[in-house]
Asks: 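Structure incoming, see below.
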Amino acid sequence: MTTSKNRALRAAGLLGAGAVLLAGCSSAAPASESSGAAGDSGETLIVYTNSNSDGRGEWVTAQAAEAGFDIEIVGLGGADLTNRIIAEQNNPVGDVVFGLNTMFFATLKAEGAIEAYEPAWSGEVPQEAGDPVDGAYWPLVDQAIVMVYDEAAVDSPPADMTELWNDPAYAGTYEVNTALGQATPQLVIAGILAPYVDESGEVSDEGWAQVEAYFANGSPAIEGTDLYARFDRDEVDYGITPSGGIIKRDAEYGTTTAIVPAADGVPFVTEQIGVIAGTDQTEQAQAFIDWFGSADVQGAFAEEFNSMPVNTVAQERANPEIVELVESVERADIDFALLREHMGSWVERIELEYLP
């Protein structure tokens, strides 16, 4: 069995593969002392996530320390992190994973890379939002993946999102993220293809034409450059972003964000949490999940980062603007089981045929 010290060293070694290790402190106000069980075990808990940006990793690390958990957060993109956990099954490095969407967690479950656990707060979330069959993963945060623009800077927005890549007038005005190893770009693809996929996973020619037009007529995202910074520099007028970051971006850039309508709905991502199979710190991992998914901690997280918690008790502390935003958009009809089965081949085709 891998020791805690060796696992921590191996996790740190992931930095060379593009991971971001976060163990810093945050100036955020601590969560309520009643929000979680003490986690003192004397060993470091390795926490994998793709949801550590914008100070989230530092905040979770600091709040966990307040609750008695010594954690190290290792961050990777969603698809890359999923593949990493599966590859490490014979000698697991991580203990807990959170932030990946339902599709990625379903993949981990199918590969036997996570193990079932029913957290103390299971009665405060709708079970169908996680894994309703075996309880291998449980929901934390809901986010809409929306096409946005600055209302003050755009005079003639499209009546529907698909106009951006089908109407020559909008060519080059919207950002496209071509890093298809990440969760959000994959969900964008899923949203575009959803109306054109049959029950077997076959995509119609029209569906592929939509994907081709989307990438051909957009402005590629610039690594390390925020979408709203590109708004500010008049490089693009539109772009995709998760709903949870909108309020912060408006405050930072002085924008007034509006959402481009989508007749077929927009993808929603439900961030989940689970215990990594084979961990030698099962009890600590379970205790961390009990703490992090609790109403107190998820409520504090919602206040700090304008997230939309799935925990129904924590929702009372969510920003009303976010609640209104999430409720204002239609959910795209996406079959996540079908998506899990076919996304790899879809991404491969896009990278070979539609990306420069």
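These numbers were taken from a predicted model, which means no experiment stands behind them.
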Asks: Taking side chain as C-beta onward, heavy atoms only, is I289 less than 4.5 Å from W138?
Replies: no
Asks: So, taking the atom named CG in D232 and the one named OG1 in T255, what distance separates them when rounded to the nearest 0.5 Å?
Replies: 9.0 Å
Asks: Return the CD1 to CD1 distance between I71 and I46, rounded to the nearest 0.5 Å.
Replies: 9.5 Å
Asks: Take Q210 and T162 through the test side-chain hydrogen bond (donor to acceptor under 3.5 Å, both in side chains) and record every step on the way to the result.
Replies: CA-CA 8 Å; Q210 289 294 311; T162 57; 5.5 Å; no
Asks: Please answer whether the main-chain N or O of A314 pairs with a side-chain N or O of N311 as donor and acceptor at a distance below 3.5 Å.
Replies: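 Looks like yes, one N/O pair under 3.5 Å.
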Asks: Within a strict 4.5 Å, meaning less than it, do heavy atoms of the Y137 and L100 side chains meet?
Replies: no
Asks: Distance check, rounded to the nearest 0.5 Å: T178 atom OG1 versus E223 atom CD?
Replies: 9.5 Å
Asks: Is there a path from L164 to L355 through hydrophobic residues (I, L, V, M, F, W, Y) whose side chains come within less than 4.5 Å of each other?
Replies: yes
Asks: Can you tell if the side chain of Y174 reaches within under 4.5 Å of the side chain of Y214, non-hydrogen atoms only?
Replies: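 Side chain of Y174 against side chain of Y214, heavy atoms only: contact under 4.5 Å found.
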Asks: Could you give all pairs that pass the salt bridge (charged side-chain N to carboxylate O under 4.0 Å, His left out) test and reach residues 131-144, with sequence neighbours left out?
Replies: K109-D131, K109-D134, D142-R331
Asks: Is it the case that the side chain of D160 and the backbone of E163 share a donor-acceptor pair, with hydrogens and angles ignored and the cut-off at 3.5 Å?
Replies: no
Asks: Applying side-chain hydrogen bond (donor to acceptor under 3.5 Å, both in side chains) to T44 and D70, what does each step give before you reach the verdict?
Replies: CA-CA 5 Å; T44 300; D70 176 18; 2.9 Å; yes
Asks: Can you find a heavy atom in the side chain of Y238 that is under 4.5 Å from one in the side chain of V260?
Replies: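 Side-chain contact under 4.5 Å: yes.
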Asks: Which atoms form the tightest heavy-atom contact between G278 and P92, and what is the distance?
Replies: O-CG, 3.4 Å
Asks: With a 4.5 Å limit on heavy-atom distance, are the side chains of V125 and W121 in contact?
Replies: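 Yes - at least one pair of side-chain heavy atoms lies under 4.5 Å apart.
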Asks: Applying side chain to side chain contact (heavy atoms under 4.5 Å, CB included), run through V60 and F288 and close with a yes or a no.
Replies: CA-CA 11 Å; V60 173; F288 177 83; 4.3 Å; yes
Asks: Looking at E330, I'd like to know if its CD atom is crowded, meaning that more than 12 non-hydrogen atoms belonging to other residues, nucleotides or ligands lie closer than 6.0 Å.
Replies: no
Asks: Just how far is it from atom CG of L187 to atom CE of M103, taken to the nearest 0.5 Å?
Replies: 6.5 Å
Asks: Cut-off 3.5 Å, no hydrogens considered: what does the side-chain donor-acceptor table look like for residues 193-201, sequence neighbours left out?
Replies:
residue: D198; atom: OD1; partner: S200; partner atom: N; Å: 2.9
residue: D198; atom: OD1; partner: S200; partner atom: OG; Å: 2.7
residue: D198; atom: OD1; partner: G201; partner atom: N; Å: 3.1
residue: D198; atom: OD1; partner: E202; partner atom: N; Å: 2.9

Asks: Got a sec, which hydrophobics cluster with V313, joining ILVMFWY side chains under 4.5 Å apart, including via others?
Replies: none
Asks: Identify which one of F301, F98, F69 satisfies the ring-ring contact (aromatic ring centres under 6.0 Å, His included) criterion when paired with W291.
Replies: F69
Asks: Grab the two heavy atoms, one from P139 and one from T270, that are nearest each other, plus how far apart they are.
Replies: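 Minimum heavy-atom contact is CB-CG2, 3.7 Å.
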Asks: Which atoms form the tightest heavy-atom contact between A129 and Q272, and what is the distance?
Replies: O-NE2, 2.8 Å
Asks: Closer than 3.5 angstrom, by distance alone: can the side chain of S345 be matched with the main-chain N or O of H342 as a donor-acceptor pair?
Replies: yes
Asks: Specify the closest pair of heavy atoms between P309 and A318, including all atoms of both residues, with the distance to one decimal.
Replies: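 Heavy-atom minimum between the residues: CD-CB, 3.9 Å.
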Asks: Check the pair E271, Q143 against side-chain hydrogen bond (donor to acceptor under 3.5 Å, both in side chains), reporting the backbone distance first and the verdict last.
Replies: CA-CA 8 Å; E271 300 178 7; Q143 292 204 71; 3.0 Å; yes
Asks: Is it true that atom CD of E348 has more than 12 heavy atoms of other residues, nucleotides or ligands lying nearer than 6.0 Å?
Replies: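 For E348, atom CD is not crowded (no more than 12 foreign heavy atoms under 6.0 Å).
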Asks: How close do A213 and N166 get, heavy atom to heavy atom, and via which atoms?
Replies: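 Taking A213 first and N166 second, the nearest heavy atoms are CB-OD1, 4.4 Å.
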Asks: Has N83 got a side-chain atom pairing as donor or acceptor with A79's backbone, closer than 3.5 angstrom?
Replies: yes
Asks: Applying side-chain hydrogen bond (donor to acceptor under 3.5 Å, both in side chains), which residue pairs with at least one partner in residues 181-194 are found, sequence neighbours left out?
Replies: N177-Q182
Asks: Would you please test N52 and W59 for side chain to side chain contact (heavy atoms under 4.5 Å, CB included) and show each step?
Replies: CA-CA 9 Å; N52 57 312; W59 188 92; over 6 Å; no
Asks: Is the closest side-chain heavy-atom distance between V74 and V47 below 4.5 Å?
Replies: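 When only atoms from C-beta onward are counted, V47 and V74 do not touch, as no gap falls below 4.5 Å.
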Asks: Using side chain to side chain contact (heavy atoms under 4.5 Å, CB included), reason through W208 and Y354 one step at a time and then give a plain yes or no.
Replies: CA-CA 10 Å; W208 286 120; Y354 305 137; 3.6 Å; yes
Asks: For D150, enumerate each residue passing the salt bridge (charged side-chain N to carboxylate O under 4.0 Å, His left out) test, keeping only those at least two apart in sequence or located in another chain.
Replies: none
Asks: To the nearest 0.5 angstrom, please state how far the CD atom of E212 sits from the CD1 atom of I192.
Replies: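 Rounded to the nearest 0.5 Å, the CD-CD1 separation comes out at 12.5 Å.
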Asks: Would you please test L180 and E351 for side chain to side chain contact (heavy atoms under 4.5 Å, CB included) and show each step?
Replies: CA-CA 8 Å; L180 300 185; E351 290 177 336; 3.9 Å; yes
Asks: Can you confirm whether V275 sits close enough to D95 that some side-chain heavy atom of one is under 4.5 Å from a side-chain heavy atom of the other?
Replies: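 In short, these two side chains do not touch, never coming nearer than 4.5 Å.
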Asks: Is the backbone N or O of T257 less than 3.5 Å from a side-chain atom of D250, with the two atoms forming a donor-acceptor pair by type?
Replies: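 Answer holds: yes.
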Asks: Atom CD of Q63 and atom CD of E58: how far apart are they, to the nearest 0.5 Å?
Replies: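 Going from CD on Q63 over to CD on E58, the span is 12.0 Å.
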Asks: So, does T61 use its side chain to make a donor-acceptor pair with the main chain of G57 at under 3.5 Å?
Replies: yes
Asks: Classify the side-chain pair R230/S219 by whether it contains a donor and acceptor separated by less than 3.5 Å.
Replies: yes
Asks: Taking all heavy atoms of S51 and all of R56, pick out the closest pair and write down the distance.
Replies: O-CB, 3.5 Å
Asks: Q298 side chain to F292 main-chain N or O, any donor-acceptor pair under 3.5 Å?
Replies: yes
Asks: Any chance you could pull the hydrophobic cluster mates of L325, using side-chain heavy atoms under 4.5 angstrom and chaining through other members?
Replies: V146, V148, L227, Y228, F231, V236, I246, I247, Y253, I259, V266, F268, M308, I322, V323, V326, V329
Asks: Counting only N and O atoms by type, is there a donor-acceptor contact under 3.5 Å from the side chain of E316 to the main-chain atoms of G299?
Replies: no
Asks: Consider only side-chain heavy atoms of I, L, V, M, F, W and Y, link residues closer than 4.5 Å, and tell whether I86 and V347 are in one cluster.
Replies: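 Yes, because I86 and V347 connect within a single hydrophobic cluster, where side-chain heavy atoms sit under 4.5 Å apart.
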Asks: Does the side chain of D226 come within less than 4.5 Å of R249's, by heavy atoms?
Replies: yes
